[in-house]
Student: 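The structure follows.
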Amino acid sequence: MPRLSEVTAALDALWPPALAEGWDAVGTVAGDPDAQVGRVLFAVDPVQEIVDEAVKLGADLLVTHHPLYLRGTTTVAADTFKGRAVHTLIKNDIALHVAHTNADKADPGVSDALAGALDVRVVRPLVPDPADPTGRRGLGRVCELDHPLTLRELAARAAERLPATAQGIRVAGDPDATIRTLAVSGGSGDSLFDDVRAAGVDAFLTADLRHHPVSEARAHTPLALLDAAHWATEWPWCELAAAQLDEISDREGWDLRVHVSRTVTDPWTAHAASHREPLTTFGAPN
């Protein structure tokens, strides 16, 4: 079996830490570099439910997309929810490694996996990495559909092919509009509206879209918007990442057992649909 330091070196080659944003916290959070690794679990969130799953699985390494700590802390006491996760990991000899914005920008990365889940063809990065001479790395992806779909049909495809969540897919735009080109960005994407408009695509699928940025984006152009759950847009990367590590394991003769968590850690648990017609007039206040 390989040592943890060998496995994390391979992961850092896939998703170089230098690609991460300056505010990010990526890399190994817990673990002995000399410990042996035989079983690996990939997940989006390093929450206690996932840590407990890693324990039950007998994993030696947990790889997550989201960091456990993004800001400084003065305690890892077990009576805090993050401290409890750290204690559980250490007590069970499980290492934790994070690939966040470095995995977003990598080639292939989080948005490539999202495009693959939607069965659309990646053309180029939405926001290219200026340090990449190949022009393949960067945030988001600009994609083409094999054949045109209506916005309604595209939303239905996203709802079918992304993991199920309470939110589902929210849509802004004419449901009958024809979509031929699509920008995608795993995770929160409303900071990329200027880049999406510059790309000239018909639609943009991302997560965590807020009222005012969406309202302004719709006022500027007829751009259609699809808003999925944050967790759902990033989970496909876990399958891509696991396949990449499997390939490395085979090449190196490591015989790793690599798993992907299917535990839904999206924090929203239910959705109550509106059954009344949208308001068209407003009465005088009481």
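Every heavy atom of this structure was used, including side-chain atoms; hydrogens, water molecules and symmetry mates were not. Since this is a predicted model, take the numbers as computed values, not measurements.
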Student: Quick check: closest heavy atoms across Val260 and Ala242, and the distance to 0.1 Å?
Tutor: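 Between these two residues, the closest heavy atoms are CG2-CB, 3.5 Å.
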Student: Just do the salt bridge (charged side-chain N to carboxylate O under 4.0 Å, His left out) check on Arg84 and Asp79 with the steps written out, would you?
Tutor: CA-CA 6 Å; Arg84 181 184 170 203; Asp79 60 353; over 6 Å; no
Student: Keeping Ser111 on the side-chain end and Gly186 on the backbone end, is there a donor-acceptor pair under 3.5 Å?
Tutor: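 The answer is yes, because a donor-acceptor pair under 3.5 Å joins these two groups.
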Student: To the nearest 0.5 Å, tell me how far Leu19 CG sits from Asp24 CG.
Tutor: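 The distance works out to 11.0 Å.
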Student: Do the side chains of Asp227 and Gln167 get nearer than 4.5 Å, heavy atoms only?
Tutor: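 Counting from C-beta outward, Gln167 and Asp227 do come under 4.5 Å.
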Student: So His65 and Trp237, would you call those rings parallel, tilted or perpendicular, with 30° and 60° as cut-offs?
Tutor: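 Answer is tilted, since the angle falls between 30° and 60°.
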Student: Is a side-chain donor or acceptor of Asp195 paired with a backbone partner of Leu126 at a separation under 3.5 angstrom?
Tutor: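 Between the backbone of Leu126 and the side chain of Asp195 there is no qualifying donor-acceptor contact (under 3.5 Å).
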Student: Report yes if some heavy atom in the side chain of Arg210 is under 4.5 Å from a heavy atom in the side chain of Val214; otherwise report no.
Tutor: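 A side-chain contact under 4.5 Å is absent here.
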Student: Check whether Asp12 reaches the backbone of Pro16 with its side chain - one donor and one acceptor, N or O, closer than 3.5 Å.
Tutor: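 No, because the side chain of Asp12 does not come within donor-acceptor range (under 3.5 Å) of the backbone of Pro16.
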Student: State whether the side chain of Thr8 and the backbone N or O of Leu4 hold a donor-acceptor pair below 3.5 Å, judged by distance alone.
Tutor: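 Yes; judged by distance alone, with no hydrogens or angles, the pair exists.
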Student: With side chains defined as the heavy atoms from C-beta onward, is the minimum distance between His220 and Arg197 less than 4.5 Å?
Tutor: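 Side chain of His220 against side chain of Arg197, heavy atoms only: contact under 4.5 Å found.
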Student: If Ile, Leu, Val, Met, Phe, Trp and Tyr residues are connected whenever their side-chain heavy atoms lie under 4.5 Å apart, and connections chain through other members, are Ile94 and Leu256 in the same group?
Tutor: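 Different clusters: Ile94 never reaches Leu256 through Ile, Leu, Val, Met, Phe, Trp or Tyr contacts under 4.5 Å.
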Student: Nearest 0.5 Å, please: how far is CG in Leu245 from CG in Leu14?
Tutor: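 The CG atom of Leu14 sits 7.5 Å away from the CG atom of Leu245.
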Student: Between Leu154 and Ala203, which heavy-atom pair has the shortest distance, and what is it?
Tutor: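 So the two residues come closest at CD2-CB, 4.4 Å.
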Student: Is the shortest heavy-atom distance from the side chain of Val55 to the side chain of Thr88 under 4.5 Å?
Tutor: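 Answer yes - side chains close enough.
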Student: Does Arg157 use its side chain to pair, donor to acceptor, with the backbone of Leu118 at less than 3.5 Å?
Tutor: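 It does hold such a pair.
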Student: The test is side-chain contact (heavy atoms from CB on, under 4.5 Å); show your working for Thr233 and Val184 and say whether it passes.
Tutor: CA-CA 9 Å; Thr233 64; Val184 300; over 6 Å; no
Student: Take Asp176 and Arg152 through the test salt bridge (charged side-chain N to carboxylate O under 4.0 Å, His left out) and record every step on the way to the result.
Tutor: CA-CA 6 Å; Asp176 294 319; Arg152 179 185 289 105; 2.6 Å; yes
Student: Taking the side chain from Ser249 and the backbone from Asp255, do they hold a donor-acceptor pair closer than 3.5 Å?
Tutor: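 Side chain of Ser249 to backbone of Asp255, a donor-acceptor pair under 3.5 Å: yes, one is there.
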Student: Could you tell me which non-hydrogen atom of Ile50 sits nearest to which non-hydrogen atom of Ser261, and how far apart they are?
Tutor: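 Closest heavy-atom pair between Ile50 and Ser261: CD1-OG, 3.3 Å.
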Student: Under 4.0 Å between a side-chain nitrogen and a carboxylate oxygen: does that hold for Arg39 and Asp60?
Tutor: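 Looking at Asp60 together with Arg39, the answer is no, because their closest N to O distance does not fall below 4.0 Å.
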Student: Does the side chain of His66 reach to within under 4.5 Å of the side chain of Val44, using non-hydrogen atoms?
Tutor: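 SC-SC contact between His66 and Val44 confirmed.
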Student: As a quick check of understanding, evaluate side-chain contact (heavy atoms from CB on, under 4.5 Å) for Leu151 and Val171, giving each step before the final call.
Tutor: CA-CA 8 Å; Leu151 178 57; Val171 176; 3.3 Å; yes
Student: If you apply the rule side-chain contact (heavy atoms from CB on, under 4.5 Å), what do you find for Val63 with Leu41, and how did you get there?
Tutor: CA-CA 6 Å; Val63 181; Leu41 178 65; over 6 Å; no
Student: Val98, Tyr69: one ILVMFWY side-chain cluster at the under-4.5 Å cut-off?
Tutor: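 Yes; tracing contacts between hydrophobic side chains, which count when under 4.5 Å, links both residues.
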Student: Under a 4.0 Å threshold between the charged nitrogen and the carboxylate oxygen, would Arg262 count as salt-bridged to Glu53?
Tutor: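 Answer for the salt bridge query: no.
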Student: Could you check Asp266 against Thr165 for side chain to side chain donor-acceptor pair (under 3.5 Å), going step by step and ending with a plain yes or no?
Tutor: CA-CA 7 Å; Asp266 183 75; Thr165 61; 5.1 Å; no
Student: Cluster question for you: counting only ILVMFWY and a side-chain heavy-atom cut-off of under 4.5 Å, with indirect links fine, are Val7 and Leu62 together?
Tutor: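 The answer is no; the residues belong to distinct hydrophobic clusters.
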Student: Residues two or more places apart in sequence or in another chain: which of them pass salt bridge (charged side-chain N to carboxylate O under 4.0 Å, His left out) with Glu21?
Tutor: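 Lys105.
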Student: What's the shortest heavy-atom distance between Thr101 and Ala20, and which atoms?
Tutor: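 Scanning both residues, the minimum pair turns out to be OG1-CA, 3.3 Å.
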Student: Would you say Arg218 and Leu225 make side-chain contact, with heavy atoms under 4.5 Å?
Tutor: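 Arg218 vs Leu225: side chains touch.
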Student: Regarding His97 and Thr28, do their side chains bring together a donor and an acceptor under 3.5 Å, going by distance alone?
Tutor: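 Short answer, yes.
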Student: Less than 4.5 Å apart, any side-chain heavy atom of Phe204 and any of Leu226?
Tutor: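 No, side chains not in contact.
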Student: Using modelled atom types and a 3.5 Å cut-off, is there a donor and acceptor pairing between side-chain atoms of Glu239 and backbone atoms of Pro236?
Tutor: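 No, Glu239 side chain to Pro236 backbone: no donor-acceptor pair under 3.5 Å.
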Student: Kindly say whether Ala131 contributes a backbone atom to a donor-acceptor pair with the side chain of Asp129 at under 3.5 angstrom?
Tutor: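 Yes.
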Student: Looking at Asp32 and Asp34, would you say the former's side chain and the latter's main chain have a donor-acceptor pair under 3.5 Å?
Tutor: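 Such a contact is found between Asp32 side chain and Asp34 backbone.
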Student: Salt bridge check, Arg161 against Asp119: does any charged N sit closer than 4.0 Å to a carboxylate O?
Tutor: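 A salt bridge links Asp119 with Arg161.
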Student: Are Arg137 and Asp107 ion-paired here, with the side-chain N under 4.0 Å from a carboxylate O?
Tutor: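 Result for this pair is no, no salt bridge flagged.
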Student: Can you see which heavy atom on Ala228 is nearest to which on Ile169, and at what distance?
Tutor: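 Ala228 and Ile169 have their closest heavy atoms at CB-CD1, 3.6 Å.
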Student: Answer yes if Leu205 and Leu209 sit in the same cluster of Ile, Leu, Val, Met, Phe, Trp and Tyr residues linked by side chain heavy atoms under 4.5 Å apart, and no otherwise.
Tutor: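 Not linked; separate clusters.
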Student: Counting only N and O atoms by type, is there a donor-acceptor contact under 3.5 Å from the side chain of His87 to the main-chain atoms of Val76?
Tutor: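 Yes, because the side chain of His87 sits within donor-acceptor range (under 3.5 Å) of the backbone of Val76.
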Student: Could you check whether Thr265 and Glu49, counting side-chain N and O atoms only, form a donor-acceptor pair closer than 3.5 Å?
Tutor: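 No pair is found: no donor N or O on one side chain lies under 3.5 Å from an acceptor on the other.
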Student: What's the verdict on side-chain contact (heavy atoms from CB on, under 4.5 Å) for Val37 and Arg3, showing C-alpha distance, side-chain angles and the deciding distance?
Tutor: CA-CA 6 Å; Val37 175; Arg3 293 177 298 160; over 6 Å; no
Student: How about Asp190 and Thr206: do any of their side-chain heavy atoms sit closer than 4.5 Å?
Tutor: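 They are not in contact (no side-chain heavy atoms under 4.5 Å apart), so the answer is no.
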Student: Answer with yes or no whether the hydrophobic clustering places Leu96 together with Ile90; edges join I, L, V, M, F, W, Y residues whose side-chain heavy atoms lie under 4.5 Å apart.
Tutor: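 Yes; tracing contacts between hydrophobic side chains, which count when under 4.5 Å, links both residues.
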Student: For Glu234 and His230, does a side-chain donor sit closer than 3.5 Å to a side-chain acceptor?
Tutor: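 Yes - a donor-acceptor pair under 3.5 Å links their side chains.
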